[in-house]
Amino acid sequence: MQVVANGIITGLTIVVLALGFTAAYLPTRVFHLALGGIYAAAPFCAWTCLRLGWSPWFALGLAVLAGAGLSLACEAANHALLDRKRAPSGAHLIASLGAYIVIAQATAMIWGNEPKVLRTGVDAVTTIGGLVLTRAQLMAAAVSIGVLAIFYVWLRFSGLGLRFRALAENSVEFALRGYNVRRLRLLAFGISGVLCSTSSLLVANDVGFDAHGGLHATILAVVAVIIGGRRSFYGPLVGGLLLGLVRSGAVWFFSARWQEAVTFLLLALFLFFRPSGLLGRKGRMEADV
Amino acid sequence: MAPNMIALTGRSANSTKPGAGYPWQLRAAGIRKAFGGQTVLDGISLELQRGEVVLLRGANGSGKTTLLNVLTGNLVPDAGEIHLLTNGSSEYFRFPAKWWRTLNPFDHFSPERVCREGLGRSWQDIRLFPTLTLQDNIAVATPAQAMENPIWALLRPSRSTKREKQNLTAARKVLAELGLAGREMSSGDKVSLGQSKRVAIARAVQAGARVLFLDEPLAGLDANGVSEIMGLLRKLAQDEKMTLVIVEHVMNIRRIVDLATTVWTLKDGKLEVKNVGKKATVHRASNGHDLQSWAAELTGMRADVKNQRLPGGAILSTIAPSQDRQGEIVLKVEDLVVHRGRRLVIGIHGEDGQHRGLSFALRRGDLAILQAPNGWGKTTLLEALAGLIRPTYGRIELSGREIQGQTPWECAQAGLSLLQARDHVFPSLTVREAFRLTHVTSIPEGLTHLLNKRMSSLSGGEKQSVATACATNSGAFSVALLDEPLSALDMASLRSFGSSLRNHLKDAAVLIAVPGSLGELG
Amino acid sequence: MSYLLHLLTYLGIYVIMAMSLNIIIGYCGLLTLAHAGYFAVGSYAYALATLKLGWGFLPATGLGVGVAVLLSLAVSLPAWRFKGDSFVLLSLSVQALFFSLFYNWFDASEEPGTWTNLTNGPFGLANIPRPAILGIELDTPGSMAALSLASAVACGILSWRLLSSPWGRLLKAMRDDELAARGLGKNTRLARVQAFAIACGMVAVAGAIYASYVSYIDPNTASLDASILMLSMVIVGGAGNFRGPLVGALILLAIPEALRFAQIPQAAASSLRLMAYGLLLILMMHFRPQGLAGDYRIE
């Protein structure tokens, strides 16, 4: 049971980050690897604010805003310009990888390479029906569920959410119906940044953070997106939870050392046998010919 | 004849006649293919005789290209059998394949396998290798090059170089016979459409094809280009006794029919085979009278038709309301030139090396019908008008305002509404959401029962109706451009389309682009 | 002087890396992140063969090449089906599996180089002997630089021969339009398997030279950062022709040295160097997507 609980909580933080990736990927088709840099930078912002003695909520809010700002900067200074030149998707991917390196290394230069923690002292532990959970874990679960609920409700029921889905489905037709695609792309990158930094802060609060873990976390999120199905906003939800459970199971049955091997074996298996993911539909094959 | 004759440098060199003694080179039986539950080919059986020239025809979306893809190994059929005797050796494929046959990765039904049996093809979009020179485009096709193995290339450099020199000489000879001497080193994306089509056919021949499948070889060509391709095809069929299967669009069929010995007609997934000798049925392109009665029937208007011939074989027919109710100009296109990549699509090369652009104007209340053969570039024209691609130069005015170079949404906000021919729905949105998104207030009667369905679950005709409603029932527009809006519509939706069209023509101009002639619509 | 020889040794290694990756990126049109894995395979095979079996440079390098060629199937077989983003992810998972293997084939109770502790895990393999060819020990910086440059020249001749042969033309045709190439009867899958085998074997040579030069390797040889470094060389220099990777290797070697001369403190220098790589990647995609001297634009 403890394994499942830990897996679900890890999974929820992966889901939030994976949803951040999807929120940029589906509407813009940009492989937003720069999220790795944002993931690394956000907790440092919060850490500095806390060191300045500001209130925790203000510090966290500012860190989330900083994440959104960085993500918007990636779109405005990088992907929007490439998009106007009709750059192929590979160019976006490499440019985004470059942006990741720049952000992550800037973070390392400003704050150093050492791991840090957000909270001080030993975390309080709660026991619920035989499950031992730390307060940071509970907070991660609660905030993740809250953020996910807000996002999905917004996506499903609001007018802007409808437009967001329409852009993700068919950006050309969306533009032809008179909607400003550029403005909505900014929204996509903004949401992406917010979700990414939220996930990053939750994990940092639980296990600490350093300047170099961002790409790894982002790649895990991408694995979750592929497993769940990259054509749907609900793919990350399914994939992230599954990945969290599998990773926590791997620790339980083998050892923490094999977590990565198991993760990427899972990715390879999905790519081979179900490349469209758990929620994916088979498209018309003729597109290949 | 033109100097564009071609010598076979492929397998005709050896004197044995492949397949001699057998009446047929290719035989297929019971071929079925469905995409996502929609059956495209429904039990097709056919036979190809040696030296036969087949014209394969059918309406848009009838599965001509699918059949071609199946016969050339690009698509694996769901059921049926294919038997090849082209190169003298017998190859037999049955679908679905036996499980033990799927184990051997070298025994699959694949394009390379089928090609080695002597079946070649050309593509609708040509597909020369853009970064290779023309000479290399031909030379790469030569079959069984030992030096294509890296080990040979390393260990026997002198021998490889010698063989390679012969290969390149042969390639240059082929190009010279195509009238492309001196262009050997230009890259595949820099020659004209007609030239690249001829290079692509020569490339397939070089690869050793004895049966050649040609996907719309005449599409998009001017009269000159057509006669050059026809000369090449005649040479291949009559002098080289090659077997040809030509997919061609209605507009160009009459040019091919005197070459063809057999006509295959594809309809509702079935194939009808006719020998030309007995009964040649050739559709003529429609004339103004047909168009007028069709438009009158569709919109209930009686009016005059003005035909404007556009370069490249397209006709723009404008049906204006009677003289006293003529509106002001809403769309004015002047000297429009559009390139795709390096290729000139809209506009023509003038004598003096300058491009001459396309010009026309639409008035409020006009119904314009653009009939253009496949490959003419009508989709490109509409996309340029709607801001999806940037014209090279020229001027587009919408209600007196310049809109060229603006973004698609700015064009849409300025009052221009484009309905694309395909990919015009949001698959996972429900119909209600789509209407909400596009501000459709008056929902057409026939669509109310669909409101809660997802668009991906609709039939082709329903999708088309919903997309049309999204494009034309939302707020004010002064010009609507509809790309092939009638395909996939049944009679009832056609009638409702006509009545809504009549409505729109009160305060806007509508341009409908249709492929070829209107004859095939009915 | 020894500083210059040090640079020349690294130049040889970088040039081999860039040239081999160019075969995959520039001639197969696929972005791979697994290349550092094959580099490390070469390093580990060389280290183990010299340390445990007492082999000389040539057979040990040959072993590394052989293993890398065999393992190249792990990326070349999936490339039958995967293109674009999917292939990048697949190569990433191959890279992660390599890293994981080097990191975890470890048992503290055993000697390094035995079956249960093949790679000595995070602690890596130390004291790798300097190369000996035909009984001649290459233990001076000069001889090491000569070995490295000679190998680079040999690899250069090899790749020049191959890529200007009809085989190279076939690869280009396949990269441009695989379906059209298959329609001409070309076995593109076999050609791609061959290309990956050659590229991975070549980078294993670089790995062996690296291991013999620094005489210590650990799993970080196979890290994602190393793959990104190689990728940057090919992107910055340019892919799809012979000179692009050479230019890329030179530039990526020059950047850290320039920073060294600029007297930037050690800690900041490493970050600055990586930032410069990242910035170069972005600038290239914006202003010169075919690289400084390349022919091929990433799809």
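Letters go in sequence order (proteins before strands), and every chain restarts at 1.
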Part of [X] within contact of chain A (heavy atom distance under 4.5 Å):
X: L89(C); result: both
X: I235(C); result: side chain
X: L280(C); result: neither

For [X], is it the side chain, the backbone, both, or neither that has a heavy atom closer than 4.5 Å to a heavy atom of chain C?
X: Y25(A); value: side chain
X: L82(A); value: both
X: V222(A); value: side chain
X: A104(A); value: neither
X: I103(A); value: neither
X: A261(A); value: both
X: A34(A); value: neither

For the residue pair [X] and [Y], what are the closest heavy atoms and their distance?
X: F82(C); Y: L271(A); result: CZ-O, 3.0 Å
X: S86(C); Y: R230(A); result: OG-NH2, 3.0 Å
X: A91(A); Y: I298(C); result: N-CG2, 4.5 Å

If you round to the nearest 0.5 Å, how far is [atom2] of [Y] from [atom1] of [X]?
X: Q95(C); Y: E260(A); atom1: CD; atom2: CD; value: 10.5 Å
X: Y100(A); Y: I228(C); atom1: OH; atom2: CD1; value: 7.0 Å
X: F106(C); Y: R257(A); atom1: CZ; atom2: CZ; value: 7.5 Å
X: H92(A); Y: D85(C); atom1: NE2; atom2: CG; value: 11.0 Å
X: Q105(A); Y: S270(C); atom1: CD; atom2: OG; value: 6.0 Å
X: M285(C); Y: L93(A); atom1: CE; atom2: CG; value: 10.0 Å

Can you tell me if Y103(C) has over 12 outside heavy atoms packed within less than 6.0 Å of its OH?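 Open: at most 12 neighbouring heavy atoms sit under 6.0 Å from OH of Y103(C).
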Are there more than 12 heavy atoms of other residues, nucleotides or ligands under 6.0 Å from atom CZ of F272(A)?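 More than 12 heavy atoms, drawn from other residues, nucleotides or ligands, come within 6.0 Å of this atom.
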Any idea which of I101(A), L267(A), I94(A) has the most non-hydrogen atom pairs under 4.5 angstrom with chain C?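 The candidate making the most pairs under 4.5 Å is I94(A).
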Given side chains that start at C-beta, do those of L231(C) and L97(A) come closer than 4.5 Å, heavy atoms only?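 Of all side-chain heavy-atom pairs linking L97(A) with L231(C), at least one is under 4.5 Å.
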Taking every heavy-atom pair that is under 4.5 Å apart, which of [options] has the most such pairs with chain A?
options: R81(C), H286(C), E299(C); value: H286(C)
options: L31(C), V94(C), L274(C), L101(C); value: L274(C)
options: V88(C), L281(C), L283(C); value: L281(C)

